Protein chains: 2
Amino acid sequence: MKLGNQVEWAIHCMELLARVPDGVYIPTKVLAKFHGIPKEYLSKALQALALAKLIDGTLGPKGGYRIARKPSKISLLEIVEAVEGSKKTFHCQEIRLNNPCLPKKRKQADSICAVASAMYQADEAWRKVLREKKLSDIIRGVDRQVPPELMAASTHWIQSALD
Amino acid sequence: MKLGNQVEWAIHCMELLARVPDGVYIPTKVLAKFHGIPKEYLSKALQALALAKLIDGTLGPKGGYRIARKPSKISLLEIVEAVEGSKKTFHCQEIRLNNPCLPKKRKQADSICAVASAMYQADEAWRKVLREKKLSDIIRGVDRQVPPELMAASTHWIQSALD
DNA sequence: GGTATTTTACTCGGATAGTCTATGTCCGAGTGAGTCTGG
DNA sequence: CCAGACTCACTCGGACATAGACTATCCGAGTAAAATACC
């Protein structure tokens, strides 16, 4: 039970995309260099985000990605699900139906397995936190942590990279 | 982000082991046949549970595993962690430290990344549910779902298999 | 000078290898029950 | 009949293959900007 690195990358990139002025596109190349991660592979995560309509991309010079919605309208769950898929963390195999005492005909579940139910509750608790946590909250948190001069330098660095 | 099948197997086996009278050992072979899962691989999950002191095993004829504690004293989290490991679901890579604007000397994190913090909160919510859900709750849930005659037949099946 | 056209360099997007964990299988060391033997 | 020693089948435990998923990389189709030619 482990999340891939793409999740971290995706959230950081979304946070950065949310900071640039409207209408500005940032290419994968710049996002990758800024975060020090492999460009080609990051591309896959961004593709997933684009497919989920969280960002949209444009081709050609001055192209790249921009955020598709306001940060307050994007939850972390959407980002995580876009990258990792929306399947539940626990997949019930219904091994209780393998019980040799069970008559052959009743090989179908009529209720949710108690084990699966418990695991689904845990899964839902996890999702609930991510659903209520918005991208805007992340931005606020980062603002509180990063010193203003570093933030300004970063903004400037991005600007230069776009030319 | 997906849990392995071993988790499901482990919980079902624990539930079964909790139903057997004190002092009775059930071998992997029987557990595997009853649940219709590969014996050899299930063995790995049971080994993990034994290592975590949730069950203990005995060798020789009439050997096998028995539960080590009362079901009300065993949480699902313990079972899951025994099988899947206790590492967090999200591992922060600190890619924020790759920021090219960051002075070389300050390449160390002095606070928890806002992204990681959010993910950890979700992780903890998931754990909390599993921590509060005891094995005894699962047993109660199964009792409510399984018809008495099937339960009796299963008990009898296990008994026969032990001879 | 302004506009339409062409070029062009840059972007995303999907198809392609490598690596690591999860899955499934195998056999050997150890042990406790059952059996046999002797008193 | 009972006690002790022995045999032996059965157990767990760890070492050994296989499969799927995650990670990383490449190149081509498409496009929007920029340069160019023309009016």
Side-chain angles (χ1 to χ4, degrees), chain A residues 1-10 13 17 23-33 35-66 68 80 82-85 87 89-91 93 95 161-163, chain B residues 1-10 13 17 23-33 35-66 68 80 82-85 87 89-91 93 95 161-163:
Chain A
M1 177 92 155
K2 194 173 134 302
L3 280 158
N5 305 329
Q6 302 223 3
V7 172
E8 184 177 4
W9 301 354
C13 286
L17 287 174
V24 173
Y25 291 85
I26 303 184
T28 306
K29 192 164 115 187
V30 172
L31 289 171
K33 188 161 258 183
H35 291 116
I37 52 186
K39 166 177 101 83
E40 312 289 1
Y41 188 34
L42 172 62
S43 168
K44 291 211 76 172
L46 296 175
Q47 280 175 42
L49 292 174
L51 189 68
K53 309 282 187 191
L54 296 176
I55 60 179
D56 45 35
T58 304
L59 269 52
K62 301 285 178 187
Y65 290 102
R66 70 175 175 189
V80 171
V83 173
E84 289 270 326
K87 285 175 299 187
T89 58
F90 180 83
H91 175 61
Q93 291 191 269
I95 65 171
L162 293 181
D163 301 330
Chain B
M1 175 90 157
K2 195 174 133 302
L3 279 159
N5 305 330
Q6 302 222 5
V7 172
E8 183 177 4
W9 301 354
C13 287
L17 288 173
V24 174
Y25 291 86
I26 302 184
T28 307
K29 193 164 114 187
V30 173
L31 289 171
K33 190 161 256 181
H35 290 116
I37 53 186
K39 166 176 101 83
E40 314 289 0
Y41 188 33
L42 171 62
S43 168
K44 289 210 78 171
L46 296 175
Q47 280 176 43
L49 292 174
L51 189 67
K53 307 284 189 191
L54 296 176
I55 61 180
D56 45 36
T58 304
L59 268 52
K62 300 285 179 187
Y65 290 101
R66 71 174 174 188
V80 171
V83 173
E84 289 270 325
K87 285 175 297 187
T89 58
F90 180 83
H91 175 62
Q93 291 191 269
I95 66 172
L162 293 181
D163 302 331

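We name chains A, B, ... by the order of the sequence lines, and we start the count at 1 in each one. Values in this document were obtained by computation on a predicted structure and should not be read as measured data.
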Checklist entry - Partners of B/Gln47 by side chain to side chain donor-acceptor pair (under 3.5 Å), sequence neighbours excluded? => result B/Ser43

Checklist entry - Which of residues 52-61 of chain B have a heavy atom under 4.0 Å from DNA chain D? => result B/Thr58, B/Leu59, B/Gly60

Checklist entry - Of the non-hydrogen atoms in B/Val83 and B/Ala10, which two are nearest, and what is the gap between them? => result CG2-CB, 3.8 Å

Next on the checklist: Regarding A/Tyr65, tell me which of base, sugar-phosphate or nothing describes its non-hydrogen contacts under 4.0 Å with the strands shown.
Outcome noted: sugar-phosphate

Checklist entry - Which pairs pass ring pair (Phe, Tyr, Trp, His ring centres under 6.0 Å) with one or both residues in residues 44-66 of chain A, sequence neighbours excluded? => result none

Checklist entry - Which residue pairs pass the salt bridge (Lys or Arg N to Asp or Glu O under 4.0 Å) test when at least one of the two sits in residues 38-66 of chain B, sequence neighbours left out? => result B/Asp56-B/Arg66

Item to check | Residues B/Gln93, A/Trp9; criterion side-chain contact (heavy atoms from CB on, under 4.5 Å); working and verdict | outcome: CA-CA 9 Å; B/Gln93 291 191 269; A/Trp9 301 354; 3.5 Å; yes

Item to check | Segment of DNA chain D, first to last nucleotide, that comes within the 4.0 Å heavy-atom reach of chain B | outcome: D/dC10 to D/dG14

Checklist entry - Can you name the nearest heavy-atom pair linking B/Ala82 to B/Ala48, along with the distance? => result O-CB, 3.4 Å

Checklist entry - Which distance, rounded to the nearest 0.5 Å, do you find between the SG of B/Cys13 and the CD1 of B/Ile37? => result 5.0 Å

Checklist entry - For A/Pro61, what residues pass the side chain to side chain contact (heavy atoms under 4.5 Å, CB included) criterion, not counting sequence neighbours? => result none

Next on the checklist: Restricting to side chain to side chain donor-acceptor pair (under 3.5 Å), what partner residues turn up for B/Gln6, sequence neighbours left out?
Outcome noted: B/Tyr41

Checklist entry - For the helix from C/dG1-D/dC39 to C/dG39-D/dC1, what is the angle between the axes at its two ends, each from 5 pairs, rounded to 10°? => result 10°

Checklist outcome for this item: Looking only at heavy atoms, the pair that brings A/Ile55 and A/Leu46 closest together is CD1-O, 3.6 Å

Next on the checklist: Base contacts versus sugar-phosphate-only contacts with protein, heavy atoms under 4.0 Å: please encode nucleotides 19-25 of chain C as B, S and - from 5' to 3'.
Outcome noted: ----BBB

Item to check | Worked verdict on A/Thr28 versus A/Leu31 for side-chain contact (heavy atoms from CB on, under 4.5 Å) | outcome: CA-CA 5 Å; A/Thr28 306; A/Leu31 289 171; 5.6 Å; no

Item to check | Option passing side-chain contact (heavy atoms from CB on, under 4.5 Å) with A/Leu17 (candidates A/Val24, A/Leu49, A/Leu54, A/Ile26) | outcome: A/Ile26

